[in-house]
Student: 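I am attaching a structure below and will ask some questions about it afterwards.
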There are 2 protein chains.
Amino acid sequence: MVKNKFQMIYEQIAKEIQNGTIKAGEFLPSEHELRQQYHTSRETVRKALKLLSEQGYIQKMQGKGSIVLDMSKFNFPISGLVSYKEVSEKLGHRSKTTVISLREIELDSSLKAEFYLDESANGTVWELVRVRDIDEEAIILDKDYLLTSMVPDLTEEISENSLYEYIESELGLAISFAKKEITVEIPTKEDRTLLDLEDYSLVVVVKSHVYLEDTTQFQLTESRHRPDKFRFVDFARRRQR
Amino acid sequence: MVKNKFQMIYEQIAKEIQNGTIKAGEFLPSEHELRQQYHTSRETVRKALKLLSEQGYIQKMQGKGSIVLDMSKFNFPISGLVSYKEVSEKLGHRSKTTVISLREIELDSSLKAEFYLDESANGTVWELVRVRDIDEEAIILDKDYLLTSMVPDLTEEISENSLYEYIESELGLAISFAKKEITVEIPTKEDRTLLDLEDYSLVVVVKSHVYLEDTTQFQLTESRHRPDKFRFVDFARRRQR
DNA sequence: CAGTGGTCTAGACCACTAT
DNA sequence: TAGTGGTCTAGACCACTGT
């Protein structure tokens, strides 16, 4: 699957930490030892350790070694661009996705602005509206806009499964980065109609601009959550100053 | 200040991007050229570019080069562990911090759990309560808990300025990483008393567990925001699968 | 094809931590 | 002092992009 040596080492060690083969609080073998174990150079080992550190698996300490962190304290960070399907599978939620509507619409001014397109641009986007049920309650309203120029064929069936899977595996597009913005807003009529909002007077809105490897923006997602069920967890490292 | 070559290169290029010396959509010089410009090796150049890429300055494209991204689209991500003072300075907000209370309290069960301490542990923590005014309105309630064993002396004066500055510069402690959690809750009486909540029936709560380089947890922060003023922006890259 | 970035190597020297 | 991670080097080969 992945052929890079440093990715292999990363995955191997990550697995050992998840297994409990190496426990929180213990030190990894030194970079020198890992170099021998994996028959590789030190820089390659260090690339793997850098990844582990960024993902919150380990903490590197100069002069001492790399200690394994207790990731159970961090319970599943949702950061780092993961799709709803990937997250909910990890959590083992009883979730269901219903496609409310899927249609091709003309780019209007507001969409052009969101896609940073020129006002003179024209074309169409897919507008996809989905509701996520968790434990039999309609909790999340997902509104997606995708440029039809990049995703020509989209069906309700694909939308019920994972968009990302289809885009990455079938279309071969490489999703690279995103800007996410979390705000709190007053529910729209659509929110009230489609979600089980109970008495809540606000919804949490996660707006994402998603970009491909070639820096073209191809997706805009607005994820509207019932506030009591919303939870965002992030693991962040402080940059050296 | 920073002596590492790759950090210097990173800062230099970052500055040129912020200046507009290199504009969004343009390509950086190739790694080969940068190596010559900075009289260094290619791996060192690559370390700098890796950082730029992680921070959202550039996008690397194999076979083509490194293109400068339009960061104005991302307007100031707040992720990556930056203190309130650092953020509000960047934004140029008219903000004011008021210390409501600062006292030393015994660790109770709930705090021990938050600090992942054994139930048999004992000791004290600083409990610091501050209100942040933005444009003359009380918008954010910050509740901090710091282990007194690590931060023996804390004064109201320090608390009004930046805690992090004091901790890093004065105490020489190295803040390394944090877990952040964003949820939405019903306001407490304290929230209602101290904040200008208007008619809002919910507050956004950002809870952070902050760790030092040696992996000891030393701070717990609960930042409670009036929902209409809350905004969290994040730039995330998708990990290769 | 030439030019670009991606991976990997073997080795050097430095800074920090322990004993 | 020995062992650890942090930085830097010079070079090799590969994969991808454009012409």
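Keep in mind that the numbers below use all heavy atoms, side chains included, and drop hydrogens, waters and symmetry copies. Here is the naming used below: chain letters follow the sequence lines, and residue numbers restart at 1 for every chain.
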Student: Between D/dT4 atom P and A/Gln59 atom CD, what is the distance in whole Å?
Tutor: 18 Å
Student: In whole angstrom, what separates B/Leu51's CG from D/dT7's P?
Tutor: 10 Å
Student: A/Arg35 has an atom CZ; how far is it from atom C1' of D/dG5, in whole Å?
Tutor: 13 Å
Student: Tell me: NE2 of B/His32 to C1' of C/dT4, nearest whole Å?
Tutor: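 These atoms are roughly 11 Å apart.
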Student: In plain terms, say whether A/Lys207 and A/Glu181 are close enough for a salt bridge, that is, a side-chain N and a carboxylate O under 4.0 Å apart.
Tutor: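 No, this pair does not count.
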Student: Which nucleotide wins on minimum distance to the side chain of A/Lys47, given the candidates C/dA10, C/dG6, C/dT7?
Tutor: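 So the nucleotide nearest the side chain must be C/dT7.
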Student: Between B/Ser66 and A/Phe6, name the one whose nearest nucleotide on DNA chain C is closer to the 5' end.
Tutor: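 Its nearest nucleotide lies further toward 5', so the answer is B/Ser66.
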Student: Ion pair present between B/Glu11 and B/Lys15, side-chain N to carboxylate O less than 4.0 angstrom?
Tutor: no
Student: For a side chain to side chain donor-acceptor pair (under 3.5 Å) check, start with the C-alpha distance between A/Ser53 and A/Gln59, then their side-chain angles and the critical distance, and finish with the verdict.
Tutor: CA-CA 6 Å; A/Ser53 156; A/Gln59 174 77 353; 5.4 Å; no
Student: Checking side-chain contact (heavy atoms from CB on, under 4.5 Å) between B/Phe232 and each of A/Thr183, A/Val206, A/Ile182, which is the one that passes?
Tutor: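 Per the side-chain contact (heavy atoms from CB on, under 4.5 Å) rule, the option paired with B/Phe232 is A/Ile182, out of A/Thr183, A/Val206, A/Ile182.
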Student: Rounded to whole Å, please give me the gap between OH in A/Tyr38 and P in C/dA10.
Tutor: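 Rounded to the whole Å, the gap is 18 Å.
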Student: Mark up nucleotides 11-19 of chain C, 5' to 3', with B wherever a protein heavy atom is under 4.0 angstrom from a base atom, S wherever such an atom reaches only the sugar-phosphate, and - elsewhere.
Tutor: -B--BBSS-
Student: Name the closest nucleotide to the A/Lys60 side chain, picking from C/dT7, D/dG5, C/dA10.
Tutor: D/dG5
Student: Ignoring hydrogens and geometry beyond distance, is a side-chain donor-acceptor pair present between B/Glu16 and B/Gln12 at under 3.5 Å?
Tutor: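 Result is yes, a qualifying pair exists.
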Student: When the ring centroid of B/Tyr211 is compared with that of B/Phe218, is the distance short of 6.0 Å?
Tutor: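 For B/Tyr211 and B/Phe218, the ring centres are not under 6.0 Å apart.
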Student: If you assign A/Lys5 and B/Glu33 each to the DNA chain C nucleotide with the nearest heavy atom, which residue ends up on the more 5' nucleotide?
Tutor: B/Glu33
Student: Check this one for me: any side-chain N or O of A/Ser30 less than 4.0 Å away from OP1 or OP2 of D/dT4?
Tutor: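 Yes, within the criterion.
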Student: Please report, rounded to the nearest Å, how far the C1' atom of C/dC8 is from the CD atom of A/Gln7.
Tutor: 14 Å
Student: CD of A/Glu31 versus P of C/dA10: gap in Å, rounded?
Tutor: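 About 16 Å, once rounded to whole Å.
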Student: Is a salt bridge present between B/Glu31 and B/Lys60, judged by a nitrogen-to-oxygen distance below 4.0 Å?
Tutor: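 So B/Glu31 pairs with B/Lys60 through a salt bridge.
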Student: Give the dot-bracket line for DNA chain C from 5' end to 3' end: parentheses for intra-strand Watson-Crick or G-U pairs under 3.5 Å, square brackets for crossings, | for inter-strand pairing, dots for unpaired.
Tutor: .|||||||||||||||||.
Student: Hydrogens and angles aside, do B/Thr124 and B/Glu106 bring a side-chain donor and acceptor to less than 3.5 Å of each other?
Tutor: no
Student: Strictly by modelled atom types, are B/Ser109 and B/Glu119 linked by a side-chain donor-acceptor pair under 3.5 Å?
Tutor: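 Yes, because at least one side-chain N or O of B/Ser109 sits under 3.5 Å from a partner of the opposite role on B/Glu119.
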Student: Excluding sequence neighbours, so at least two apart, what forms side-chain contact (heavy atoms from CB on, under 4.5 Å) with B/Leu154?
Tutor: B/Leu102, B/Trp126, B/Leu146, B/Val151, B/Ile158, B/Ser159, B/Leu163, B/Tyr166
Student: For C/dT7 and A/Thr44 - does any side-chain N or O of the residue sit under 4.0 Å from the phosphate oxygens OP1/OP2?
Tutor: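 A/Thr44 to C/dT7 OP1/OP2: no side-chain N or O under 4.0 Å.
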Student: Atom CG of B/Leu34 and atom C1' of C/dG3: how far apart are they, to the nearest Å?
Tutor: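 Atom-to-atom, B/Leu34 to C/dG3, this comes out as 14 Å.
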Student: A/Arg46 side chain N/O closer than 4.0 Å to the phosphate oxygens (OP1, OP2) of D/dG5?
Tutor: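 Indeed not, no polar side-chain atom of A/Arg46 lies that close.
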